[in-house]
Amino acid sequence: MQSTFSAQFDLQVASENAFIIYSKQDSLIAQNQAVIRLKESLLQFAPPWLLDLVPAYASLLLSYDLSLADRFAVKHYLTSLSLANETGANKGKLVELPVCYGFGQDDDLIDVARQTGLAVDDVISLHSNAIYQVFAIGFAPGFAYLGELAQRLTLPRRATPRQKVPGGAVAIAERQTAVYPAQSPGGWHIIGRCPLPLFRPQYSPPMPLDVGDKVKFAPISENRYYQLTQEYMHEA
Amino acid sequence: MKRDGVLQVLQPGLLSALQDGGRKGASHLGIAPCGYADPYAANWANRLVENPQGTALIEVLVGGFSGVFTASTSIAVCGAVGELRINDRVMSGWQSHRVVAGDRIELGHANNGLRAYLALAGGLVARSSFGSCATNTREKLGGLLGDGEPLKVGDQLVSSTVVQPFKQAKAPRRAIPQYPDAFTLRFVPGYQYAAFSSVEVARLASVDFSVSERMDRMGIQLIGNQILPPKLSMLSEGISYGAIQVPPDGNPIVMLSDRQTIGGYPKLGSLLSIDAAKLAQAKSGSRVSLQEISLEQAHNLISLEQAKNKQLMPICY
């Protein structure tokens with residue numbers, strides 16, 4: 001079933017040469033999928049004035065080249081789009097990320113278990129049994145916001161962020177989980193380590209994930225973690 | 001095209017780094033666009049040495065940069081230009097100069113404004129990440145070696161030297177900005193503007209702010225008067241260039257070229273790009289006021305600015 005752009009999205013001015021488009025769907029997953037589908041349509045037909053598209057959660061930031069089109073042309077183009085209105089699955093791929101839970105010194109796994117009142121094994125199975133949606137990529141290159149985390153694992157960000165979260169750290173906060181692609185400051189709770197490189201600028205594609213993809217975490221042993229780390233190091 | 005060592009860094013000063021037109025089309029990877037903080041001044045420097053717009057050059061913060069040339073070339077320094085000396089002789093900014101191997105360049109501290117741009121004919125060559133060598137230390141991208149590092153003592157800069165007859169050129173006086181310490185910032189309302197209370201919006205129009213010391217290429221905080229943000233539970237969303245974020249502490253932050261690509265604070269809209277670039281030349285303590293303009297006015301102003309710039313040609317002699 002096709003429906004109009006205006007039926008599915010709200011268009012708002014963001015700047016002199018950008019609009020921010022919000023999905024009107026009623027669940028976060030549906031909103032994210034609608035935004036991804038819109039992004040794909042725009043990339044497919046690639047109007048010459050299109051500069052940049054930043055999808056995130058329920059919105060899409062679109063910037064356009066003012067020397068090639070004015071706001072009327074862009075708005076007209078968008079509102080004339082006839083878009084499929086299905087809320088089914090879209091083209092996003094499923095990516096499996098290996099994770100060694102409770103690895104290393106900077107680890108909050110036991111602390112998370114204590115704060116949530118769960119056994120460590122339950123924290124691990126709640127985290128690894130879910131399939132997450134990549135809702136957004138930002139904060140740092142290759143940092144993918146994955147959701148939604150099981151309700152029982154919900155914890156606010158750490159009161160005091162760490163100065164140094166190691167690269168590969170698998171972490172949780174609120175209803176989200178993520179893997180830090182490189183060392184950076186961070187306030188999320190670290191529960192494991194992923195040996196897969198998540199952002200390699202010299203590669204194509206530079207990261208294995210795209211907004212709209214799905215992610216599953218697969219628990220691995222410490223030995224397997226070291227093995228995989230070696231493999232990826234030699235590949236680099 | 002030959003690639004030659006052309007300039008050795010003696011002192012980088014406070015902060016000198018390679019910048020160019022920026023990384024385009026990589027924000028979906030969480031990569032900031034980066035690029036010149038003040039594109040107007042940077043592109044004038046390029047123009048005076050006949051480089052295409054967006055060519056890599058050195059962005060100098062405040063001043064204190066010195067180097068020695070290891071090959072002949074032409075150079076120009078535009079933006080907030082402190083005392084410029086070539087071999088101890090005082091030279092003018094906003095003007096091209098011929099240099100030969102062995103010549104020394106020293107750029108002192110700017111009195112007004114914040115950033116100067118040193119362009120060399122042929123541009124600078126460096127490791128490219130996502131189509132640009134613009135330096136981003138936080139993301140470890142760009143710079144001479146592609147690791148996001150600013151210039152250091154002893155760095156050898158390479159240029160793709162294009163042999164061309166030296167053309168003495170300078171910017172007309174009208175093209176050279178003043179960099180005042182008090183000015184108006186025009187912005188287009190957008191994003192969560194409608195959710196701000198009318199009282200706060202009225203305050204915004206009637207008060208002044210100071211540029212805080214918390215300022216860098218990512219963003220500039222405005223202090224002195226707080227604006228109460230609406231209590232919204234917001235999802236992170238894309239942040240445009242010049243976006244005015246209002247965090248819980250009420251001090252607006254203008255997001256610039258090295259900004260995070262997405263964020264979850266309420267926004268009032270975005271500065272006119274021309275004024276965002278002006279802000280990038282403002283020292284801390286500068287006084288600014290925010291003035292709302294319509295999208296239509298913004299487009300008119302940009303067209304006017306483009307027409308004006310087209311008219312301003314380098315004076316060759």
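Every value quoted in this text rests on a predicted model; they were computed, and no experiment measured them.
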- Task: Give a yes or no on whether the backbone of B:S197 and the side-chain of B:E200 come within a donor-acceptor separation of less than 3.5 Å.
- Result: no
- Message: Is A:E16 close to chain B through its backbone or its side chain, or both, or neither, when contacts mean heavy atoms under 4.5 Å?
- Response: both
- Query: Given that the side chain runs from C-beta out, which part of B:Y191 has a heavy atom under 4.5 Å from chain A: side chain, backbone, both or neither?
  - Reply: both
- With distance as the sole criterion, is a donor-acceptor pair present between the side chains of A:H189 and A:R158 under 3.5 Å? no
- Which bit of B:Q192 comes within less than 4.5 Å of chain A, counting heavy atoms only: side chain, backbone, both or neither? side chain
- Query: Highest number of heavy-atom pairs under 4.5 Å with chain B: which of A:Y145, A:F139, A:F135?
  - Reply: A:F139
- Given a strict heavy-atom distance threshold of 4.5 Å, which part of B:H28 is in contact with chain A: side chain, backbone, both, or neither? both
- Note on the structure: Okay, A:P201 and chain B: the region with an atom under 4.5 Å from a heavy atom over there is both
- Any chance the rings of A:F143 and A:F199 have centres within less than 6.0 Å? no
- Is a side-chain donor or acceptor of A:N32 paired with a backbone partner of A:V35 at a separation under 3.5 angstrom? no
- For each of B:L235, B:L141, B:V188, tally heavy-atom pairs with chain A at distances under 4.5 Å, and name the one with the top tally. B:L235
- Pick one of side chain, backbone, both or neither for A:L61, based on which atoms fall under 4.5 Å of a heavy atom in chain B. side chain
- Side chain, backbone, both or neither: which part of A:L53 has an atom under 4.5 Å from a heavy atom of chain B? backbone
- Would you call B:R115-B:E59 a salt bridge at under 4.0 Å N-O? yes
- Check each atom of A:L50 against the heavy atoms of chain B and say whether the ones under 4.5 Å are side chain, backbone, both or neither. neither
- With respect to chain A, which residue among B:S236, B:A243, B:A298, B:P189 yields the maximal number of heavy-atom pairs within a distance under 4.5 Å? B:S236
- Task: Output the option from A:D52, A:L51, A:L62 having the highest count of non-hydrogen pairs under 4.5 Å with chain B.
- Result: A:D52
- Assess whether side chain to side chain contact (heavy atoms under 4.5 Å, CB included) is satisfied between A:F9 and A:Y22, documenting all intermediate values. CA-CA 5 Å; A:F9 299 99; A:Y22 296 104; over 6 Å; no
- Is it the backbone or the side chain of B:R186 that comes under 4.5 Å from a heavy atom of chain A, or both, or neither? neither
- Distance only, no hydrogens: is a donor on one side chain within 3.5 Å (strictly under) of an acceptor on the other, for A:R37 and A:Q8? no
- Counting distance only, does the side-chain N/O of A:N17 pair as donor-acceptor with the main-chain N or O of A:Y64 below 3.5 Å? yes
- Message: For A:L60, is there any backbone N or O sitting under 3.5 Å from a side-chain donor or acceptor partner on B:E237?
- Response: no
- Task: Check each atom of A:S63 against the heavy atoms of chain B and say whether the ones under 4.5 Å are side chain, backbone, both or neither.
- Result: neither
- Message: Quick check for you: among B:K140, B:Q306, B:E296, B:R259, which has the greatest number of heavy-atom pairs under 4.5 Å with chain A?
- Response: B:E296
- Near-ring test A:H127/A:Y132, centroid separation under 6.0 angstrom: yes
- Between chain A and each of B:T261, B:I262, B:L271, count heavy-atom pairs under 4.5 Å; write down the option with the most. B:I262
